[in-house]
Structures are given as C-alpha cells and as structure tokens.
Participant: 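This structure is in structure tokens; I'll ask about it shortly.
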Amino acid sequence: MRARPLVLLLVSACETGLVSGPRVPESDPGRVTVHRLNNTEYNNTVRDLLGTSLRPADAFPADDVSYGFDNISAVLSVSPVQVELYHQAAVALAADVMTAAPERILTCQPDPADPAPCLREIAAGFGRRAWRRPLSDDEIARAVALYPIAIEAGGDGREGVQLMVEYFLASPSFLFRFELDPDPLSPQVRPLGEYELASRLSYFLWSSMPDDELFAAADEGRLERADELERQVRRMMADPRAEAIVDNFAGQWLALRDLAELEPDAELFPDFDQPLRRAMAAETAAFVREFLHGDRPIEEMLTADFTTVNERLAAHYGMAATGTVSLAGSQRRGLLGHASILTVTSYPNRTSPVRRGKWVLEELLCASPPPPPPGVEGLDEEGPFTGSIRERMEQHRSDPACRGCHQAMDPIGFALEHFDATGAWRDTDGEFEIDATGTTPDGASFDGAIELAGVLASDPRFGRCVTEKMLTYALGRGLTESDGPAVGEMQQRLRARGGRLSDLLLLVAESDPFLYRRGEPAAEDSP
Amino acid sequence: MTGWNRRAFLGGAGVAVALPFLASLRPRRVRAQAAEVKRRLLVIYTPNGMNMADWTPAATGADYALTPILAPLSAIRSKVLVLSGIDNHPAESDGFGQHAPATASFLTCTHVAKSQEIANGVSMDQVAAGRLGAATRFASLQLGTDGGSSAGGCDGGYSCAYTHNISWAGRGRPMPKMVSPRAVFDLLFAGFDPDQTAAARERRLLYDHSVLDAVAADAGRIEGRLGASDRAKLDQYLTGVRELELRLGTSAECAVAERPPEGIDFPVKVRLMLDLMALAIQCDLTRVVTFMMGNSISGHSFPWIGVPDAHHPLSHHQNDPGKLAKLTTIDRWEVEQMVYLAQKLDAMDDGDGATVLDNSLIYFSSEVADGNRHENVNLPILLAGRAGSTIRPGRHVHYGDGRLADLYISLLHHLGAPVDAFGDDGTQLIGQLA
C-alpha cells in the first residue's frame, strides 16, 4: 500500500495476493506536529518501560483538549513547571527502578576496572527502549559519560547507572515522539520510518511504547509489509493494553471521563453515589469492548438490545437480571440508553434536551449545529419561560433566530426525556406529562428513544463520524479537507469488510495519513 | 516577623501545615539581597460573570456602600479598590461561543480566532513574571480546580485550551495549571529534606546539573531535522531545562510537615489552593500566581451554600429573580474566597511596617460581566493591596469606557514591570489608581 523497497514489495504482493506498484498517496497525508507524551501516555510508558507502579503524571497539569481529545500534538505544550515536574519524575523513577527492579536496567554488571563496555551495553539496550529507536554512538557516549561523574562524587556504581536512567527519562527523545524529516522544509511525501511507525501503532492502540515484538518487527523492516502490519494490529488488539482504546478513545468520545467529575443534586438524586457512578462507566466500557472485540457492525452501537449491568445499575434501570442482559421489553437501546451518557449530557438538577441533542449531533453525527445568526444576543433579555421543559423550549424556538439550530437539536433531546438527569426511567417530569415525539429537519419522525436510535443508526453520517473521530485520535491531529479522500475510502472499505470497530482500527492503521508524512514548508508556520 | 504562627491551618480540611523556624523562611539567595520591596501578583479568575445589579456600588470614592456581593469586603475595604466601567473589546467572539474567547483574553487582551488550533498573546501575569520571577524558585505558578476534560466540545468551536487556561507564555503556548493541592505541595517542597547533609545536597545538585547538561546537548542532533512548529515545541522544553538549571539550588528552606489530602470536595480544594498560594508567597518560592476558581463555563454546583444548580446554566438567568438570587449567593462566596486570601497575606509582616498584602496585588475578576448577556464591557474587577506603590485602595473608581489592556499597563507599571503597550488595544496608563 505504500512506497517500499522493490524486493519487499514483491514478497508482500505474493503473500497478500495483491499486485500493486509502489505509489505515492494521491492526496496530502498531512503532517503531525511533534507529539509530547500526554499524561496517560507518560504513565503507561514508564509502566511498560520500567515495570514501575509509580504514576508520576497524575500530578502533572492536565493536558489541553482540542478536537475532543487530549492527545492532539498541536496543543500539547510544555511550560517551565512541566519541565520541572518531568525532571522530578525522572529522578524518582530512576531511583524506583534501581531499587525495585534493577535487573531491567543492569543487563550486565559494570566491571569497576573497566566499566565502559557494560555501560555501553546498558545505554544501547535501555536507551533503545526508552527512546523507541536505536541510539547513535554519540548518544550512547553521552549517557555513559554520566557514570564517572557519580563515581568521582563519591557515589557507587549503581548511583552512576541511576544517573544514566535519569538522563534517558529527562531527554526530549523520551518525552517527545519525533518523526525526523530528511528535509524538514520539503512538502515531499515520505513513508514513515519503521520505528516511527512502530510508535504510531503502539500509541494509537495502547497509548504506550512499542513492545519487544514490535521493536523486532521494526528492526527487521517488516512493518513495511501490509500483511505484517495487519498481523501486528490484530496481535496488539488482542493484548490487554488495547484497553487503552476503551479508556482513552471511547472514554473521551463518549464523555466517560466527565462522568467522574459530575455531581448530580444530592437532594433530587439521593441514590446517586460512587458505586452507581462506577457501574455507569463500567456499562459503557463493557459495551465498547464488545464492539471492539466482537463481530457486530458499528451501527449496532445505537440499536443494540443488550447491555452489561451490575446489581446497582440494574436496580437503577428497574431490571431484575444482571450481567450481560437482553433489553427486549425495556425502553433502552444502544448507547443512548446508557445512564453514563444520559447523565453527562444533563445538568446536576435537571435534564437538558438541548444539551443532549447537541451532544448527539456533535459526537455521533459530527454535525455541529450552525451558530446562531448575528444579533441573537437579544434573546438573553427575554423574560423567564414557563411550563414544561418542552413548552419552554418551544417558546424559545418561536424566535426565528433560534429555530435554525434548535429544530435540529431539541427533537433529539425530547425523545430522551423519559430518562432523568441520572438516566433513570421516569413516566412524567414532575407535574408535566412527557411528549417524546419529534421530527428531524429532514422529516424523519420518531416517538421515544428506541425509534430515535433507529433513525440515527440509518444515518450514514454516524459511520463517517466514528471514522473521523478514530482517525483524529490515531493521528493526534485535527482533520483537514485534504483528509477527505482518505476518510471516504475508509468508509467504503469499512462497509465492504463488515463495518466492525476492529475493521475500522485496522483501516486507520493502513490509511495514508497514518503511514505517510511530509515536511513543513516555511509558510505553514503562521496559522 | 509577627502576625502568623508556626502552624498555619489549611482551612476546611483541617489539615495542619507546620511552618519552619522563621529565620529560614526565605531562600538564602534572596535573603542575602538588599531590602528592596518584594512585589507580587496574584490573580483569581472566577467563571460565568457576576450578577452585576448586586455587584456594582452606586457611589464612587471612599464612601461607597457595599453591595450584597461585595459585602465580604467590609473586613478589608481600606485595602481594596473596586473598579467599574472597564471594557475588554478583544474578548469579543467571532460568533457563537462567548466564554472561550473572553477567557482566552482575560489576561492577554488579545483577540483569538475561532479554531481548535491555538494562538494567543502573552498574558499580563507572564509579563510580570519576566521581571518578578527572576529571584525565586518558580518564575510563576498556575493553579486551578478543574482538569482538562469536558463533555463534547468546549465552547462553540473554540479549542478547550481557551477555556482551561488564563496564563499564556505566547502564541500557542498556554501555561497549563495544576489542580491537585497535593501535587502543588509536592512541587513546591520537593527535595526539601531537613536531615540531608550539605555534602549530600551538593552531590544531588551536581547530578542534576550533569543530567540537564546532557539533556540540553541532545537537542543538537535533532534540531536540524525539525520543521518550524516542531522546533518551537522542542525549544519550549529546552528553554525550560536551561531555566531549571539556573534555579537549581535555590529551593526554599520552608518546610512543611503534612501534605494536603486527596479526594476533597470543591470548596475545600479552593481553600487549600488559596492556602498554598499564601504559603508559596510567604516562603518566597514565587511572586506570581494565577488561580482559576473553576474552568470557564464551569458547571460547579454550590450545595453547601444552598445552590444545587450548575453555575453556567444558572448564569443564563433570563432575569428570573430566583436565579439571580442564587447567582448573588455564588458570587458573594467567590468574593469571600478572595477576602480569605487577602487577609492571610495581610497577616504577614513584610518589614518596614508593611504587610505582604501591602506589597502585593490581588487581581480578581471574571471573563464576562453579566453571564446572561456575555458582556465584555463594565467588567467586575477587584484589586486588593497596592504592590508597595502609590496605588490608593479603599475606593470605588468608575471609568467610562476604560480599557482593560490599559489597566494591565498600569498594574505592570505599579509592579515594577513597565510596558508601553499591551494586548490588542493597550496604549497608556489607565489613571486614577494612585
């Protein structure tokens, strides 16, 4: 699928049954700004590199979010305080590993009379894993040179090696994922290097560093082959570390992380507590996991008639059974029946049809409502509305300035009104009857959550939206118009393959924006 | 040195922080300097505007009557300026989504475009830190209460960086804030070990320098192969490394016995952060701190003062009297927090008959005035202390069409970090402060 040495190309063509020439992508694969490890990636990486139980990044400032995710390299900046925290963490981690698991570092014992050979071995071995690429002789020498500083200052050999570890962990080559261009100013498209690709794969699927098998594949140049790429992706998805897709992709896409910070009104919702909060998050995580590893098409995420509940959540839903249960006979289907999503799209003391509708449009259809026209500020001065939420919203929509977006957002929210601000079923909204009927601007009508789910599942924007979100997350950059062809092609191939989430992950890993990059002509510097 | 005890209590949580012997409170390097006035800047940002009808005093001058929201100022009104009639026009939105551009320009007075990419000007606190930050362990600190997550987008198509940060080092460089009191505590007092020998401390210092020198040397091989935006990222890091090297060894001898707890409620967290701000100032670990008492568009609820509603939707009050009353309750609580910090600083002796508050400025405001209308004019502004300068507190000063950027030029002037221009529209001193 990508430019590669001729010999490898032929091998790959024979093995895969495809015959295609080396090619350059037709459209611009774009360019990812150098990527600082975000806090999740930092914790995961030191876990896999050192086997440590320390999670230093828990104390770091939160990563900034753009395009819905916290791994967007363009907004991952570094302040002086962060530099200080990285340095403190490097010192603490080096001390920890030399105490708890020195064998991970000391692959040999430095001979006091002539420590250099062993130190070079340590630097080359540990450095390659820490920096996710082989080191140059200069870099190895720079690490080894720290050892005698400790010895001369009265430290022992272990302290000398500890200094080397501090250095590897405080280096930009550890904290940043560099993709070094031969000519950084050239717009010439190039395939990623093997180690660069290995890191893209591991940070996409695991939010962590490559493992030994991925390093070995990179060492041997195997990732150039389409069949090997697929084999690695499937292997990595079967690994427990792939839970990172649930935590970090779905956790942000489906706003599960926000659930942790919400505080529903304790007087109105006295049953809401930490076990219920955890049960809500667990339901959605289990659901995503089923789609990640199972055989269901993505659209079923909206219409699925099963879910996974523990006793606490089953009681909240008014269900008897626990575990993975059928929803037949209930009013819940798919994601929009999940209390997690229904809660994070509510206010602490009431539902918000607008907020729920806006969330569905933005997160499930990637269709942000158009902004209100100029002059809309005037509506803020209207008097208080009265009546049910629906009646109040309809007064709101009587203003032509509001109607544009609200006729797209509100009906979706109305269909979910039987679920209260913590996602529990309610027959009425206090003294008011609930009217859960609605019509989209396209004329599709529905009554209640189940019919709404059907309308949304048949909307082609849903599949495209999930694709766009996944590609954004995988690349760590916002998509641009030039990504349109790649997204369109992925959509076609996704349908052809059966439309599973696992297919989508593989298609992202095989896409041109994921496999290629280019330099940055000087003009791009100014936004 | 009088007016405070060896044990200061972190409010609310009931956690005692034992302070060290007074003589060792300041880093040696600073202690050795002449007795110049140590000026400090502390910024408190509050989200979602104010109920302006209950905020603005009717009269100007020294004899204004306190309003319902400003009532907590009574304890320190002689040390506070209430400023009204000041506008921040660069804060205006490109369209839907008013909080993000207003929060982005809260301290920068720079207009930001609607984008998920980020570009903003340098914030006023960072200009101040360029001058005030040279002598201390940390040039500045950024603190807050809320982390980074946010359901869906942040505000009408603007990057969340604009709603989560008020301190900016420059274009594309937000200064992310720390939101865990315990992590702030650990940062401030890391490496402080009263039992460590001088020799051990010297050795650790040598190690840190050696490692950081090697880290800086790494860059050479990489730099030539990076595009401009990549090089800018690497430069951020290397600049931080060089700065750190310069500041190593100036760590405060300002010990504390107990770390703040984790898993705390919002009001306790606010108090702990204010305590840590006071502590950092007291120990002269920094002279510039910004604090976001909530992210922009914050949905915090305030059940402990009888307001279980989410703040942001409540701020869209539509002139509902019940909602306005609740907003006044929240806004007054926010002012109480500022007063708490001011009183702490005012209880610290700074020499020559002045308190630490006298030699500091606490700047308190929100990104908009009324939260329903999202006005960028007539912003609610409080100023406590006088930065050891000619500022005359104890008054309500009303400006007609004053510019926020001009106010910042004046504040920087009084802080000893003068600039001729600031932000998009700052060109002169605002006047009437002295």
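The structure displayed is predicted, hence computed values, not measured ones. Each chain gets a letter, A, B and so on, in the order the sequences are listed, and its residues count up from 1.
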Participant: Tell me, for B:S140 versus chain A, whether the close heavy atoms (under 4.5 Å) come from the side chain, the backbone, both or neither.
Facilitator: backbone
Participant: Can you pull the salt bridge (charged side-chain N to carboxylate O under 4.0 Å, His left out) pairs that have at least one residue in residues 65-86 of chain A, sequence neighbours excluded?
Facilitator: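 Qualifying pairs, neighbours excluded: A:D70-A:R257, A:E84-B:R137.
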Participant: Check whether A:L175 gets within reach of chain B through its side chain, its backbone, both or neither, counting any heavy atom under 4.5 Å.
Facilitator: side chain
Participant: Let me know if A:Y67 has heavy atoms under 4.5 Å from chain B in its side chain, its backbone, both or neither.
Facilitator: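 For A:Y67, heavy atoms of backbone and side chain both lie under 4.5 Å from chain B.
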Participant: So what's closer than 4.5 Å to chain B heavy atoms on A:L185: side chain, backbone, both or neither?
Facilitator: neither
Participant: Would you say the side chains of B:H300 and B:D146 form a donor-acceptor pair under 3.5 Å?
Facilitator: yes
Participant: Within the 3.5 Å criterion, strictly below it, is a donor on B:Y162 or B:Q116 matched to an acceptor on the partner's side chain?
Facilitator: no
Participant: Looking at A:E363 and A:K469, does any basic side-chain N land under 4.0 Å from a carboxylate oxygen?
Facilitator: yes
Participant: With a 3.5 Å distance limit and no angle check, can you tell me whether B:K269 reaches the backbone of B:T145 through a side-chain donor-acceptor pair?
Facilitator: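 Confirmed, B:K269 side chain pairs with B:T145 backbone.
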Participant: Relative to chain B, which segment of A:H87 carries a heavy atom at a distance below 4.5 Å: side chain, backbone, both, or neither?
Facilitator: side chain
Participant: Say whether A:S136 and A:D138, considering side chains only, have a donor N or O and an acceptor N or O under 3.5 Å apart.
Facilitator: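 The answer is no; no qualifying pair exists.
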Participant: Would you mind checking which part of B:N165 comes under 4.5 Å of any heavy atom in chain A, side chain (CB onward), backbone (N, CA, C, O), both or neither?
Facilitator: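 When you check distances to chain A, only side chain atoms of B:N165 fall under 4.5 Å.
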Participant: Is it the backbone or the side chain of B:L244 that comes under 4.5 Å from a heavy atom of chain A, or both, or neither?
Facilitator: side chain
Participant: So which part of B:R204 gets closer than 4.5 Å to some heavy atom of chain A, the side chain, the backbone, both or neither?
Facilitator: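 Side chain only.
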Participant: Check each atom of B:P303 against the heavy atoms of chain A and say whether the ones under 4.5 Å are side chain, backbone, both or neither.
Facilitator: neither
Participant: Would A:D63 and A:R36 pass as an ion pair if we require N to O under 4.0 Å?
Facilitator: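 Looking at A:R36 together with A:D63, the answer is yes, because their closest N to O distance falls below 4.0 Å.
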Participant: Aromatic rings B:H312 and B:H316: how do their planes relate, parallel, tilted or perpendicular, breaks at 30° and 60°?
Facilitator: perpendicular
Participant: What is the minimum heavy-atom distance between B:V122 and B:G170, and which atoms define it?
Facilitator: CG2-CA, 3.9 Å
Participant: Does any heavy atom of chain A fall under 4.5 Å from the side chain of B:S301, the backbone, both, or neither of them?
Facilitator: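 The answer is the side chain of B:S301.
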Participant: Might you point out which heavy atoms bring B:Y207 and A:G155 nearest each other, and give the distance in Å?
Facilitator: OH-CA, 4.0 Å
Participant: Does any heavy atom of chain B fall under 4.5 Å from the side chain of A:F60, the backbone, both, or neither of them?
Facilitator: neither
Participant: Run the salt-bridge test on B:D208 and B:R203 with the 4.0 Å N-O cut-off and return the result as yes or no.
Facilitator: no
Participant: By a 4.5 Å heavy-atom criterion (distance strictly below it), what part of B:A214 contacts chain A: side chain, backbone, both, or neither?
Facilitator: both
Participant: Checking heavy atoms, do the side chain of B:F138, its backbone, both or neither come under 4.5 Å from chain A?
Facilitator: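 Contact with chain A: side chain only.
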Participant: Do A:R133 and A:E139 meet the salt-bridge criterion of a basic N to acidic O distance under 4.0 Å?
Facilitator: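 Yes, charged N to carboxylate O under 4.0 Å.
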Participant: If I measure from the heavy atoms of chain B, does A:E159 come under 4.5 Å with its side chain, its backbone, both, or neither?
Facilitator: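 Looking at A:E159, just its side chain touches chain B.
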Participant: Would you call the rings of B:F302 and B:W304 parallel, tilted or perpendicular, taking 30° and 60° as the class edges?
Facilitator: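 It falls in the tilted class, 30° to 60°.
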Participant: Does any backbone or side-chain atom of B:V241 lie under 4.5 Å from a heavy atom of chain A? Answer side chain, backbone, both or neither.
Facilitator: both
Participant: Tell me, out of B:A169, B:G97, B:P176, who's got the most heavy-atom pairs with chain A below 4.5 Å.
Facilitator: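 Answer, by heavy-atom pair count under 4.5 Å with chain A: B:P176.
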Participant: Looking at B:G172, B:G144, B:P174, which has the largest count of heavy-atom pairs under 4.5 Å with chain A?
Facilitator: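 Between B:G172, B:G144, B:P174, the count favours B:P174.
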Participant: Does A:E263 reach the side chain of A:P348, with side-chain heavy atoms less than 4.5 Å apart?
Facilitator: no
Participant: Quick one: what part of B:L206 sits under 4.5 Å from any heavy atom of chain A, side chain, backbone, both or neither?
Facilitator: side chain
Participant: So which residue, A:G478, A:P182, A:G154, ends up with the most heavy-atom pairs under 4.5 Å with chain B?
Facilitator: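 Most heavy-atom pairs under 4.5 Å with chain B: A:G154.
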Participant: Suppose a student defines contact as a heavy atom less than 4.5 Å from any heavy atom of chain B. Which residues in residues 162-172 of chain A would they list?
Facilitator: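 A:L163, A:E166, A:Y167, A:A170, A:S171, A:P172 fall under the 4.5 Å cut-off.
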Participant: Let me know if B:I222 has heavy atoms under 4.5 Å from chain A in its side chain, its backbone, both or neither.
Facilitator: both
Participant: Got a salt bridge between B:K233 and B:D230, using NZ or NE/NH1/NH2 to carboxylate O under 4.0 Å?
Facilitator: no
